> 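Can you read through this structure? Questions will come right after.
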Amino acid sequence: EKGGYDHFMLKEIHEQPDAISDTFRGRLLSNEAMVKLAGVEDNMKKFLAADRIIIVACGTSWHAGLVAEYIFEDLARIPVEVEYASEFRYRNPVITEKDIVIAISQSGETADTLAAIKLAKSKGAFVFGVCNVVGSSIARETDAGAYTHAGPEIGVASTKAFTTQITVLTLIALRLARAKGTISSSEFRHHLIELETIPKKVEEALKSDGYIQTVADIYKDATNFLYLGRGFNFPVALEGALKLKEISYIHAEGYPAAEMKHGPIALIDEQMPVVVIATKKGHYEKVVSNIQEIKSRKGKIIGIVTKGDTNVKELADHVIEVPETLECLSPLLTTIPLQLLSYHIAVMLNRNVDQPRNLAKSVTVE
Ligand code: M6R
């Protein structure tokens, strides 16, 4: 049932190229320069009239929501707020009929997310679901939606659900950008073609597995980790840290790289591994200077870099390469080595990778 892998988590990490293509199959039509998502098409008027989008989710799905915030605002120029479902529902939030709420949930059974949906509906908002489990409570409760086609995710640590959620949300953002005219037709086509190459590039990123095991072996006994990223890759840093915490029980924090100097930099010493997402596009130079700051305080740097990078290589203790892509698609690639790093550290520490202590696959209690 684990398809020859030692754990479901590793199987699911390796399923990502197929899971991502399954998620855009029939929806991403690059030859016709079209994105087709019935749930969006049927409600296009509502999407175009919306003043803002509020995303509600928990855990890894919340991280996918944060990535989506960057993508929606950049491509479709729609203001987005991302909320922890548990905070949103108890806060007396301001919601109107002009709001669109997107609820993201792998299981479709998360109690707080479900309650947030009910609250938003009671205030007249249109609620759109991004779920993996067909017919789940959240899928049924939402007004419309688009499924991720990741297939069953058994490992408690979410992997392929995350990358397929980002895939669906990117498709929605591209469709809305086209409808709103915030993207040119040539840029739109370019994004579709690039998105189509992602499964192959994920496959390539998975090939660093051997090297990642070497890195895991060096740092497995660390008691703390920091994860840093900027822009589209800031949420990936949060997700990398969550993955390490939940399956290895090592304390880890994710931060936007520029926040370092506002506090966390005090933690840096020669004992502290810092995983920095430093891919070529975006704020690359800024990230390089963040790396220099860590280096001068003797922190150990594991850089996630674009294939062929030389700058970071000179400064970092280790670099793990991912193929080049558009900045807004890079989270789909930079996430892969972080999943593998936590996986291997957890295995080396003899943890119960698929069923970590204190955790359940879906949190149906409030
Ligand atoms: O099923 P959901 O996507 O609603 O679940 C949300 C979180 O409970 C979930 O992502 C959790 O954080 C995972 N264990 C993370 O790996």
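Every value quoted in this text rests on a predicted model; they were computed, and no experiment measured them. Both ligands and their constituent atoms are indexed starting at 1 by order of listing.
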> Ligand 1 and Glu246, any nitrogen or oxygen pair closer than 3.5 angstrom?
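Between Glu246 and ligand 1, an N or O pair is found under 3.5 Å apart.
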> By number and element, which atoms of ligand 1 are closer than 4.0 Å to a non-hydrogen atom of Gly59?
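Here the atoms of ligand 1 in question are 10 (O), 12 (O).
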> Out of curiosity, is Lys361 lining ligand 1, as in a heavy atom under 4.0 Å away?
no
> Between Gln165 and ligand 1, does any nitrogen or oxygen pair lie at a separation below 3.5 Å?
no
> Identify, for atom 11 (C) of ligand 1, the protein heavy atom at the shortest distance, and state residue, atom and that distance.
Thr60 N, 4.2 Å
> Going by atom types only, do Gln106 and Ser158 share a side-chain donor-acceptor pair under 3.5 Å?
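No - no donor-acceptor pair under 3.5 Å links their side chains.
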> When you measure from atom 6 (C) of ligand 1 to every protein heavy atom, which one gives the shortest distance, and what is it?
Cys58 O, 3.3 Å
> If you measure from each non-hydrogen atom of Glu109 to ligand 1, which part falls under 4.0 Å: side chain, backbone, both or neither?
neither
> Identify whether NZ of Lys or CZ of Arg in Lys280 sits under 6.0 Å from the centre of the six-membered ring of Tyr284 and within 45° of that ring's axis.
yes
> Are Asp217 and His344 linked by a side-chain donor-acceptor pair shorter than 3.5 Å?
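No, no side-chain donor-acceptor pair sits under 3.5 Å.
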> Heavy-atom contact under 4.0 Å between Ala157 and ligand 1?
yes
> If you measure every N or O of Thr113 against every N or O of ligand 1, does any of those distances drop under 3.5 Å?
no
